[in-house]
Visitor: 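Okay, handing you the structure first.
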Amino acid sequence: MAGYIARRLLQAIPVLLGTTFLIYFMVFAMPGDPIVALFGDKTPPPQVLEQLRERYNLDKPFIVQYFIFLGNIFRGDLGTSFSGQPVSEILATTFPVTLRLALMAVVIEMFFGITIGLISGLRKGGIFDASSLVVSLILISLPVFVVAFVAQYIFGIQLGWFRTTVGPGAPTQDLILPAIVLATISFAQITRLTRASVIETDGQDFVRTAASKGLSRSRIVPVHILRNSLIPVVTYLAVDFGVLMVGATVTEGIFNVPGVGRTLYQAIIRGEGPTVVSFVTVMVLIYLVVNLLVDLLYAVLDPRIRYAK
């Protein structure tokens, strides 16, 4: 196990270098001067432009800029935004909000998606199965902003169960409705994925063998069927968690959530290159760690999986 973890960590190094290089290239190597863009229609003095370029290392060759950025990242320095605020402070304010939102969405989609998918798979061809397939297809077809506006109107305005926008400090109760909206599409995918995996596992020889030995259905379903059906679901959840951490821009914008997605979008609009690059780099690191943890979880879910020494 230790050897496997070491190999995965070594494999993560070129992935991290490659992704950070591409991110930095797409932000800073494109045509245009981000410093000039900060002033809009105004023309600042050349001395001011030169000082700002020197401050953010934009007066150096691109490859030198990248290695300076990389060295700062390894020292824990995420840089400074063009507004003068350390990016680490911005991240410390927004990241906990998005993390809570993403965790809530994952818990919702995991609980309801796996439960409904399991029941649908065990009752293949029944009314419940057909209804869940129709509902999941509808949710997959709807854009997230449509689901968000409908949820705001029904549950926020008409029923008054939730606030339509997130209040100051992003209290947990205000994040419930955005989390439900974020979870809807993934819930539909998990339902279908779990259903297909349960149907396939239910027909395996080891399940029939367990039944022939006299094990009760209440024992076979959670231990033999559900447990062996969760590997593709866990893989999807790992990918989805990374997507939720950086892809909740639309939902955070609609519900006024002060999280990573909305802050990242505003930084792109304002041309805040250091903020964009540092935020995405941190998200890549989180994504790599989550995928490593999921790989290790495979052996827990399926005893047949062993990691070579």
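If you read the sequence from its start, that first residue is 1, and numbering goes on from there. Please read these numbers as outputs of a predicted model, since none were measured by experiment.
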Visitor: Using atom types as modelled and distance alone, determine if a side-chain donor or acceptor of Asp129 lies under 3.5 Å from a backbone N or O of Gly125.
Guide: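 Side chain of Asp129 to backbone of Gly125: a pair is present.
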Visitor: Out of curiosity, does Val233 fall in the hydrophobic cluster containing Ile140 (side-chain heavy atoms, cut-off under 4.5 Å, transitive links)?
Guide: no
Visitor: Using the ring centroid of each side chain, check whether Phe69 and Phe21 are separated by less than 6.0 Å.
Guide: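 Phe69 vs Phe21: aromatic centres not under 6.0 Å.
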Visitor: Kindly work out whether a path of hydrophobic side-chain contacts (I/L/V/M/F/W/Y, heavy atoms less than 4.5 Å apart) joins Phe74 to Tyr66.
Guide: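 Shared cluster, yes.
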Visitor: Which atoms form the tightest heavy-atom contact between Leu16 and Thr19, and what is the distance?
Guide: O-OG1, 3.0 Å
Visitor: What distance separates Ile108 CD1 from Leu182 CG, expressed to the nearest 0.5 Å?
Guide: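 The CG atom of Leu182 is 9.0 Å from CD1 of Ile108, to the nearest 0.5 Å.
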Visitor: Just by distance, with hydrogens left out, do Ser229 and Thr201 show a side-chain donor and acceptor under 3.5 Å apart?
Guide: yes
Visitor: Establish whether Leu133 and Ile199 are linked, either directly or via other cluster members, by ILVMFWY side-chain heavy-atom contacts under 4.5 Å.
Guide: no
Visitor: Taking all non-hydrogen atoms of both residues, which atom of Val166 and which atom of Pro258 are closest, and how far apart?
Guide: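 Looking at all heavy atoms of both residues, the shortest contact is CG1-CD, 4.4 Å.
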Visitor: Might you point out which heavy atoms bring Ala148 and Ile254 nearest each other, and give the distance in Å?
Guide: CB-CD1, 3.6 Å
Visitor: I need the Leu177 CG to Phe255 CZ distance, nearest 0.5 Å.
Guide: 4.0 Å
Visitor: Would you check if the side chain of Ser120 reaches a backbone N or O of Ile116 as a donor-acceptor pair within less than 3.5 Å?
Guide: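 Side chain of Ser120 to backbone of Ile116, a donor-acceptor pair under 3.5 Å: yes, one is there.
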Visitor: Going hydrophobic residue to hydrophobic residue with side-chain gaps under 4.5 angstrom, can you get from Leu118 over to Val107?
Guide: no
Visitor: Looking at Asp202 and Arg217, is any side-chain nitrogen of the basic one under 4.0 Å from a carboxylate oxygen of the acidic one?
Guide: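 Counted as a salt bridge, because a side-chain N and a carboxylate O are separated by less than 4.0 Å.
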Visitor: Please tell me whether Leu70 and Ile68 are part of a single hydrophobic cluster in this structure, the criterion being side-chain heavy atoms less than 4.5 Å apart.
Guide: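 The answer is yes; both residues are in one hydrophobic cluster.
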Visitor: In chain order, what residues pass the side chain to side chain contact (heavy atoms under 4.5 Å, CB included) check against Leu159, with sequence neighbours excluded?
Guide: Ile154, Phe155, Trp161
Visitor: Please report the shortest heavy-atom distance between Ile114 and Ile190, naming the atom on each side.
Guide: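 Answer, listing the atom of Ile114 first, then Ile190: N-CG2, 3.9 Å.
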Visitor: With heavy-atom distances below 4.5 Å as the criterion, would you say the side chains of Thr251 and Val257 are in contact?
Guide: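 Side-chain contact under 4.5 Å: no.
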Visitor: As an exercise, state the distance from CD of Glu89 to OG1 of Thr94, rounded to the nearest 0.5 Å.
Guide: 11.5 Å
Visitor: Work out which heavy atom in Thr98 is nearest to a heavy atom in Val260; give both atom names and the distance.
Guide: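 Heavy atoms only, the tightest pair is OG1-N, 2.6 Å.
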Visitor: Strictly under 6.0 Å, is that where the ring centroids of Phe62 and Tyr24 end up?
Guide: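 For Phe62 and Tyr24, the ring centres are under 6.0 Å apart.
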Visitor: Could you report the tightest heavy-atom contact between Ala188 and Ser136, atom names first, then the distance?
Guide: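 That would be CB-O, 3.4 Å.
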Visitor: Nearest 0.5 Å, what's the CG-CD1 distance between Leu78 and Ile73?
Guide: 5.0 Å
Visitor: What is the distance from atom CE of Met104 to atom CD1 of Ile180, rounded to the nearest 0.5 Å?
Guide: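 These two atoms lie 8.0 Å from each other.
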Visitor: Which pairs, with at least one residue in residues 101-148 and sequence neighbours excluded, count as a ring-ring contact (aromatic ring centres under 6.0 Å, His included)?
Guide: none
Visitor: Please check if the number of heavy atoms outside Lys124 that lie under 6.0 Å from its NZ is greater than 12.
Guide: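 Count not over threshold, so no.
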Visitor: Looking at Leu17, is its backbone amide N or carbonyl O close enough to the side chain of Thr20 to form a donor-acceptor pair, meaning the two atoms are under 3.5 Å apart?
Guide: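 Yes, the answer is positive, given that a donor and an acceptor are paired below the 3.5 Å cut-off.
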Visitor: Does Thr191 offer a backbone N or O that forms a donor-acceptor pair with the side chain of Thr194 under 3.5 Å?
Guide: no
Visitor: Quick one: pull up CG in Leu122 and CZ in Arg195 and give me the separation to the nearest 0.5 Å.
Guide: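 Reported value, rounded in 0.5 Å steps: 11.0 Å.
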